[in-house]
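Working notes for the structure below.
These numbers come from the heavy atoms of this one structure, side chains and all, not from hydrogens, waters or symmetry mates. Here the structure is a predicted model, which means the values were calculated and not measured.
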Amino acid sequence: MEGAHAEERGMHEVERADAHHQTQSLIGELEHERSMRQELERQLAEWTHENGRLKILAMDSQEKAEELEVALSEEVVARIHAEEEQGRLAKQRDQLDSELSFLVEEIAVMKEAMMSI
């Protein structure tokens, strides 16, 4: 009978050892999964932060693009006005040149007339 008890005890010890080994194996798997989850959470936090930073940069870029568009529009309008003014001044200069040429001719004619008297 003692042999049967010893055999039974031996089987229980083997079963306990197997159960302990399975428990340790499961604990190891759980620790590994927890470690992997923590790494994934860390990466998610890092990516969330980077995504926020990129969104801010995109908004800044959009704002700067809009500012440049407004500045460019203002520059184009200013150049158009400057070209119009340049054209107006060129016409005025041509008119004044014509008037000056006429006056120079008139003065020459008057000078000649005065010299003949």
Side-chain angles (χ1 to χ4, degrees):
M1 180 122 181
E2 259 202 52
H5 283 301
E7 190 177 314
E8 195 174 311
R9 264 185 278 158
M11 284 179 58
H12 284 301
E13 286 180 27
V14 168
E15 287 175 0
R16 258 186 273 165
D18 283 346
H20 180 70
H21 177 67
Q22 285 180 341
T23 301
Q24 291 302 319
S25 178
L26 289 173
I27 289 172
E29 286 179 32
L30 287 173
E31 287 176 350
H32 177 72
E33 287 179 13
R34 183 178 63 191
S35 173
M36 293 294 290
R37 188 185 78 233
Q38 287 173 341
E39 175 61 19
L40 290 174
E41 288 172 350
R42 184 195 65 75
Q43 285 180 351
L44 178 61
E46 185 179 305
W47 293 341
T48 300
H49 175 74
E50 183 67 9
N51 188 39
R53 189 181 72 78
L54 291 174
K55 282 181 181 178
I56 290 170
L57 286 175
M59 286 189 294
D60 286 348
S61 295
Q62 179 65 31
E63 187 177 309
K64 287 179 183 174
E66 289 169 1
E67 288 173 4
L68 287 173
E69 187 177 330
V70 168
L72 180 61
S73 296
E74 290 172 354
E75 180 66 25
V76 167
V77 168
R79 284 187 182 194
I80 289 170
H81 287 182
E83 288 174 2
E84 289 172 352
E85 180 68 11
Q86 186 178 12
R88 190 183 66 72
L89 290 174
K91 284 180 184 177
Q92 189 177 17
R93 182 196 65 224
D94 291 345
Q95 184 180 354
L96 290 174
D97 280 347
S98 293
E99 290 176 13
L100 181 61
S101 294
F102 176 76
L103 290 174
V104 167
E105 285 179 31
E106 286 289 313
I107 291 172
V109 167
M110 286 180 167
K111 214 178 196 187
E112 230 178 86
M114 287 182 70
M115 294 285 231
S116 343
I117 299 185

- Task: Report the C-alpha distance between Arg37 and Glu41 in whole Å, list the side-chain angles of each, state the deciding distance to 0.1 Å, and finish with yes or no for salt bridge (charged side-chain N to carboxylate O under 4.0 Å, His left out).
- Result: CA-CA 6 Å; Arg37 188 185 78 233; Glu41 288 172 350; 3.4 Å; yes

- Taking Ser73 for the side chain and Glu69 for the main chain, is one N or O donor matched with an acceptor at less than 3.5 Å? yes

- Message: Does atom CD (Glu85) have a neighbourhood of more than 12 heavy atoms from anything else shown, all under 6.0 Å?
- Response: yes

- Counting heavy atoms not belonging to Gln38, are there more than 12 under 6.0 Å from its CD? yes

- Task: Could you tell me whether the side chain of Ser35 and the main chain of Glu31 form a donor-acceptor pair under 3.5 Å?
- Result: no

- Task: Output yes when Arg79 and Glu83 qualify as a salt bridge under the 4.0 Å nitrogen-oxygen rule, no when they do not.
- Result: no

- Applying salt bridge (charged side-chain N to carboxylate O under 4.0 Å, His left out), which residue pairs with at least one partner in residues 45-61 are found, sequence neighbours left out? Arg42-Glu46, Glu50-Arg53

- Task: Could you grab the distance from atom NE2 of His20 to atom OG of Ser25, nearest 0.5 Å is fine?
- Result: 11.5 Å

- Is Glu39 close to Met36 at the side-chain level, that is, under 4.5 Å between some pair of heavy atoms? no

- Can you tell if the side chain of Leu68 reaches within under 4.5 Å of the side chain of Leu72, non-hydrogen atoms only? no

- Could you tell me the separation between the OG atom of Ser61 and the CD1 atom of Ile56, rounded to the nearest 0.5 Å? 12.0 Å

- Nearest-0.5 Å distance, CD of residue Glu29 to CD of residue Gln22: 10.5 Å

- Message: With rounding to the nearest 0.5 angstrom, report the CD1 to CD distance, Ile80 to Glu75.
- Response: 10.5 Å

- Task: Could you tell me whether the side chain of Lys91 reaches within less than 4.5 Å of the side chain of Arg88, counting heavy atoms only?
- Result: no

- Query: In Å and rounded to the nearest 0.5 Å, what is the CD1 to CE distance from Ile107 to Met114?
  - Reply: 12.0 Å

- Message: So, taking the atom named CG in Asp97 and the one named CZ in Phe102, what distance separates them when rounded to the nearest 0.5 Å?
- Response: 15.0 Å

- Compare all side-chain heavy atoms of Glu13 with those of Arg16 and state whether any distance is below 4.5 angstrom. yes

- Report the residues that fulfil side-chain hydrogen bond (donor to acceptor under 3.5 Å, both in side chains) with Glu99, sequence neighbours left out, ordered by chain and then residue number. Gln95

